[in-house]
Every structure is written in C-alpha cells, then in structure tokens.
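Excluded from the calculations below are hydrogen atoms, water molecules and symmetry mates; all remaining heavy atoms, backbone and side chain alike, are included. Position 1 is the first residue of the sequence, and the numbers go up from there. The model shown is predicted, which means the values in this text are computed figures rather than measured ones.
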Amino acid sequence: MLRAPELLLPAGSLAKMHAAFDFGADAVYAGQPRYSLRVRNNEFSRPEALAQGIEQAHARGKLFFVASNIFAHNSKLKTYLRDMEPVIAMKPDALIMADPGLIMMVRDQWPDMPIHLSVQANAVNWADVKFWQRMGLTRVILSRELSLDEIEEIRQQCPEMELEVFVHGALCIAYSGRCLLSGYFNHRDPNQGTCTNSCRWDYKVMNAGEDASGDLARIPVESISLNYRQALDEANASFSAMGDMQRHPLADRPYMIEEAERPGQLMPILEDEHGTYIMNSKDLRAVEHVERLVRIGVDSLKIEGRTKSLYYAARTAQVYRAAIDDAVAGRPFNMDLLGQLQGLANRGYTDGFYQRHHTQDHQNYMAGASELHRSQYVGDVQGVRDGWAEVDVKNRFAVGDQLEVLHPTGNTLVRVEQIQSLDGAPMDAAPGSGHRVRIALDQRFDKALLARML
C-alpha cells in the first residue's frame, strides 16, 4: 500500500493554522519575522503567539515547523543565537534553514534540533541532498525548478533522506528567493523577507535598439538594424526545448520596459522561448501530480502562502487532502479538484517545472493581479443560533446568490433566501468587508467559510 505523504500548510496566524488542521493538514510552518522570508502579515512576530501555535499544534497531534531561512548578513549573525534560544525552548518540530553558516551555528549550539533544508538553498540534484544528509539535516525541501523525473531520481539515490516538494502557491520569476527586482527598485531584499513582488507590477513594453555606445536604448522601430536572430539562436541552444510552439516574429526584437509608477526609467529586456523573465509568473498548481509524487515516495507536499487568507488555507488543505487520500487508496484523480482551486484568487495556473510545456504555459502576460474564476470568498460564520448564522463579511453577496459552505465535515451549496442586520432588519445584500450580517444556516455549519459561486 502507498504511504501518504505529510500535507504541509502555511500558517500566517493562529486562525489560519487551525483552519489548515481542520481541513486536513498534518503540519504547518511559520516564520520568525527577522530571520524568515515573511516579515509582513505575520502574527508570529509575537513570541507568545509562536509559543501558542507550537503548543496548540502539538495538542492536536500535529507538527509545527519554524522557518529561519534567510541568508544572513553580518549584522544578523550577532543576534541570531540569542534570538533563537527562546524559540528552541518552545520545541518546534524542526527549523527550516538555508544559510550554511546559520546551520552550523545551530548544529553547534543545539545538536539535537532537527533541521530541514529550505527551498532557498536550491537543492537540485541527489549529490546536494547527500551532502546535507552528511551535515546532519533530516529533510531537504527540493528546488521548485525540478521535474518529476528528476525528483524520482533523487528519491532513488537518497532513499533514507526525507524529501519535501512544493505543490501549490506563488512562483518566483528567478530561482526561489533569488530575484533582485525588489532590492533594485525599493532597496527591500527578497531574501530578507521584505519582497515587494516587483514582478507583478504593470510594465509597458517599447521598442529598443543598440545605440552608438553599444547599449540598448529606446529608438524608433524603423531604425532598428541590429540582427538579434543569430544572438538569440546561440543563446537558445543552451536551453532545453520547451515545446513545439512556433515563436512569433516580433519575439525576436529587442524591447525596453517601463514600470507604471516609474515613467522614464527604461529597462532593456530580451525574450527567448521561455518568455520575458521579468514579467509575471503564473501560480503553481500541481494537484494533478499528487498521485505521481505519492508513488515516487516524497515525504511531504508543501503549499506556499503565509500571507494568504483563511479561506485559502482551508480550501487548499481540503483539496490536497482529498488528492492525497485518493492517491493512497488507488482511486483515479478527481478532475473536480481542479475546479475547486479555480475558486481561489490566482494569476492563472501552471504546474511549474514538473512537466515540459508550451511557451505560454509559464508566464502570465496579461495581468499582474489575481483573478477569480469560479467562486469568491465572501465571509466567515462566527456562530449559529436558532437557525441564523452570524457572518463576518469579506466580500459583497446578495439575496438570491448561491453560496458554497466550506466545512471540515463536507461542503454544500445553499441559496441565500434572506439577509438580516444584527438587529434583525431585512437587507438586500451584505455590503462587503467590515460588516456583519445574519443568514439562515444549519447549526452544523458553525465556523464554516462561505464562497459565492460566480
């Protein structure tokens, strides 16, 4: 019988942690703000919250990992061991780390503390994994840039090492955590937890050519005489094929981009068959590959998104739990799971590098903002009394709308027949975030999440 891998969810807050557990997660991870890649929207910046999270996870028989995965500059080395001491005392199940120097310091100070190698370390081959195994680490989180076949080879070469892979969430447009855009524009280092997601911004593309000095400059398209075809052919020879789609002739011209909030700051870009790297990556969704990953013997399937909503934690946990359970039981993949994930705000989905793709499958050239395709998160049920549920509204919904009620016991569809204010006055619609209303709902759906079907 196949062994079920751990389902690992992000925890940006205690509420999100419990939602992840309620809907099927086995473990969660949270970050120390000073030493992880998530400074913003992180409830665990308070030590008491981190202690509560670890204690409450353990009380439920679940695991809690702490991310301490920056590559530290000298200034942070001075305070690292001092700041880590109370965290180690809280007894997390493992630290997620990337910096070899910090790993060395932790191994020297707390030799029994389990350490998982972060995806930030970009482990892409089995020799890499064996090296970290010799260093005493208990798990390696493999790079997102690996194919399923490469993961399987690493599993075969390293049968005694725990392996973890990402299956859902945002993708960087560089090797994980190595993008320089945010640091270039705003002096906020992505690897220090302060990324401004510059790859999502609105850029304009304009024609460019080579000036007298040999640099790219904005010039009228009719004056471009530089032949980039030969240069691109030579560059493309160093990349593996990414599908058989024919490239558009305009893709071989040089261009310059201008970010919407920085008029006049023109930056050269070149496009090859992989796309324009500085643009917006689609989001990772690999639920259709869970069965293969289970057969390979991956130990943990990880979802990204510590700054995402409570609804995101619940929905992804529920969907990937179902996919894992189906795979272990030998049931065929349920295509409806793809539709359920379409209900989450996303920038379009890709399964990343797990398989080879046509050119358009990696990049979203149309928009940087997330879009809703199937449903929209509209509220949290705070409690149910006498057949009326009090709802903390997140987005507008109205009488006549069909809502999906998400609950750990199962989901159901209901039609909104009535909406009341908290003092009982009838309403045509729940106005939006910041309001509380009542709707008719069964007692069994206490603490459910609500999504409006689009």
Exercise. If you measure only the distance, is there a donor-acceptor pair under 3.5 Å linking the side chains of S147 and D149?
Worked result: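 No - no donor-acceptor pair under 3.5 Å links their side chains.
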Donor-acceptor pairs under 3.5 Å, side chain of residues 107-114 to any protein atom, not counting sequence neighbours: which ones?
unit_1	atom_1	unit_2	atom_2	d
R107	NH1	P111	O	3.3
R107	NH1	M113	O	3.2
R107	NH2	P111	O	3.4

Exercise. Are F65 and Y29 close enough that their ring centres sit under 6.0 Å apart?
Worked result: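 No, too far apart.
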Exercise. Ion pair present between R315 and E404, side-chain N to carboxylate O less than 4.0 angstrom?
Worked result: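 Yes, this pair counts.
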Exercise. Quick one: do E164 and R139 make a salt bridge, cutoff under 4.0 Å?
Worked result: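 Salt bridge present between E164 and R139.
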Problem set entry | S13 side chain vs K16 backbone, donor-acceptor pair below 3.5 Å |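 Flag set: sc S13 to bb K16 pair under 3.5 Å.
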Exercise. Does a donor on one side chain and an acceptor on the other come within less than 3.5 Å for Y35 and T79?
Worked result: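 Judged by distance alone, the side chains do pair up.
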Exercise. Is there a donor in the side chain of H58 and an acceptor in the side chain of D93, or the other way round, less than 3.5 Å apart?
Worked result: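 H58 vs D93: donor-acceptor pair found between side chains.
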Exercise. Among side-chain atoms of H18 and R60, is any donor-acceptor pair under 3.5 angstrom?
Worked result: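 Distance-only check passes for H18 and R60.
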Problem set entry | Distance-only donor-acceptor check, side chains N395 and Y377, under 3.5 Å |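 No, no side-chain donor-acceptor pair sits under 3.5 Å.
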For this session: Answer yes if the ring centres of F166 and Y354 are under 6.0 angstrom apart, and no otherwise.
Result: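 F166 vs Y354: aromatic centres not under 6.0 Å.
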Exercise. Would you say the side chains of Q443 and D386 form a donor-acceptor pair under 3.5 Å?
Worked result: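 D386 and Q443 do not have a side-chain donor-acceptor pair below 3.5 Å.
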For this session: Please check if the distance between the ring centroids of Y320 and H168 is under 6.0 Å.
Result: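 So the answer is yes for these two rings.
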Exercise. So, are R292 and E152 salt-bridged, with charged N and O less than 4.0 Å apart?
Worked result: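 The answer is yes: the pair qualifies as a salt bridge.
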